Amino acid sequence: MRNRLWIAAFVAVLFVSSMSLAQAAQGRGQGAAATPSSTASLPFDPHDLSGIWSRNSQGYGGGGTCRGCGDRGFSNDVPAMTPEGQKRFEANKPSYGRALGTPAAAQHPEEAVGRRRAVPPGQGNDLVLKCNPSGMPRMVLYPDPMEFVFDKNGSQVVQTFQWTHQWRTIYTDGRKVPEDPDVNHWYGYSVGHWDGNTFVIDSYGFDDRTWVDHFGYPHSDQMKLQERYRRVDHDTLELSMTITDPKTYTKPWVSETKKFKLLKKEEISYDGWYGMLEEICAPIDEVDNFVERVVNPAGGVESGK
Amino acid sequence: MGNQWKRVTGVLCAIVEVMVLSIPVSAHHGTNISYDHQHPMTVKATVTEFRFANPHAQIYFDAKDEKGNIVHWSGELTNPSNLMHAGWTKKRSEKELPPGTPLTITMAPAKSGAHAGVVLKIINEKGEQVLLGREQQLE
């Protein structure tokens, strides 16, 4: 009788563990790849980038990246930095990745240093925490939905981002990026053109306070960023990027290939309303409440800092 | 026979509890690193404030410490888009959590020792789960 009870218990544990794993797997977005999409093999026009694209494990946002979509870092393979680049790198204190000074951080030398020095946000200096702009390329690395809106004249494309409700204009009227802009932009100055089936965006003139990614890799105001978007099937948009910033990195820095999935209407409808959410980071909410009342105490930091 | 069932059930529950709470989640805004996920705690709480706000919802609540004194807690919740995606609209969430609502809250408290934490699970007086459990938040 006792043996039967333990056998029953064992079977129950197996059942529950498979349910938990399935739930976790689905939740972590492996469901996005595990269930083959019925629309992925539909015909498509590679010059049509319309639709709402996301690297999110769910549709809406706030989650991790979808399986096979690439993580939120630019690349684990970082070129050597210049002395100035290194100094700025060390001054940045991110909250993502493995915790600074822990055995877990020490045991993973295959991970770039930036990914192994996280501190509680109250002790860090990530400008995005207090609703400052993400800039580029950090904004396209964030796994929230985004959309390209191509104008009918072919003179410009607007790329909109759900995260913090931002947008940027990419001019396709043949102009070049300014060589020495008077004012640097948080999102740079961008021009775009088609290279076969790849939409290429060249940008320059960036405010140097933003981070390349959430691991706190810096860039200077001399950064040139090239993004190459290619729709590879009906549901998938690939992105690879190159940063050329000799003031910070001794060689061009090429990103890992990132993937976006085309969201279906039902994945991005809420309360009967289809479209991206208005995900504004308003200091009156995020700074005055979340940072002051949760983040700072949790980080052992006095409020008002 | 009764004791055997109790033992088996107890072991089963412990195993499931460990499995559910040990599913790792990646951090949103990197705040996860502030909390002690190895030592979650559960308290009987009374809501003082609930904010359905971007990019982090928050719940503020009172709970008694070991000496019976009221302590004011701040709780981090997930991004509203996660809640909306799971059917927890602003209206529904706010209806469930007005000030004065009694709850059982499980959280990972701040490593700093401050009365702040990330909320892992909320159970209302009827025994129903409110909002998303941490393992479902996937931030």
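What's counted below: heavy atoms across the whole structure, side chains too, no hydrogens, waters or symmetry copies. This is a predicted model, so every value here is computed, not measured. Chain A is the first sequence line, chain B the second, and so forth, proteins listed ahead of strands; every chain is numbered from 1.
Within residues 88-97 of chain B, the residues approaching chain A closer than 4.5 Å by heavy atoms are, in numerical order, B:Thr89, B:Lys90.
For A:Gln123, no part lies near chain B; criterion is any non-hydrogen pair under 4.5 Å. Residue contact with chain B, scored on non-hydrogen atoms closer than 4.5 Å, involves the backbone and the side chain of A:Val294 alike.
Heavy atoms only, all atoms of each residue included: A:Asn289 and B:Tyr60 are closest at O-OH, 3.6 Å. Taking both residues in full, the closest heavy atoms of B:Asn54 and A:Ile280 are given as CB-O, 3.4 Å, listed atom of the first, atom of the second, then distance. Residues A:Ser95 and B:Ile33 come closest through the heavy atom pair O-CG2, 4.4 Å.
Within the 4.5 Å cutoff, no side-chain heavy atoms of A:Pro120 are placed close to those of B:Tyr35. Using a 4.5 Å heavy-atom threshold, the side chains of B:His115 and A:Pro297 count as separate.
Between A:Arg293 and B:Glu49 a salt bridge is recorded (basic side-chain N to carboxylate O distance below 4.0 Å).
Interatomic distance, CG of A:Leu277 versus CE of B:Met84, reported as 5.5 Å (0.5 Å rounding). To the nearest 0.5 Å, the span separating NE2 on B:His85 from OG on A:Ser269 amounts to 11.0 Å. Rounding to the nearest 0.5 Å places OG of B:Ser81 at 7.5 Å from CG of A:Asn56. Between the CG atom of B:Leu83 and the OH atom of A:Tyr270 there is a distance of 9.5 Å, given to the nearest 0.5 Å.
Within 6.0 Å of CD in B:Glu128 there are more than 12 heavy atoms belonging to other residues, nucleotides or ligands. The neighbour count for B:Ile70 CD1, taken as heavy atoms of other residues, nucleotides or ligands under 6.0 Å away, is above 12.
Under a 3.5 Å cut-off, the side chain of B:Ser112 and the backbone N or O of A:Ala298 do form a donor-acceptor pair.
Side-chain atoms of B:Gln58 and A:Asp285 include no donor-acceptor pair closer than 3.5 Å.
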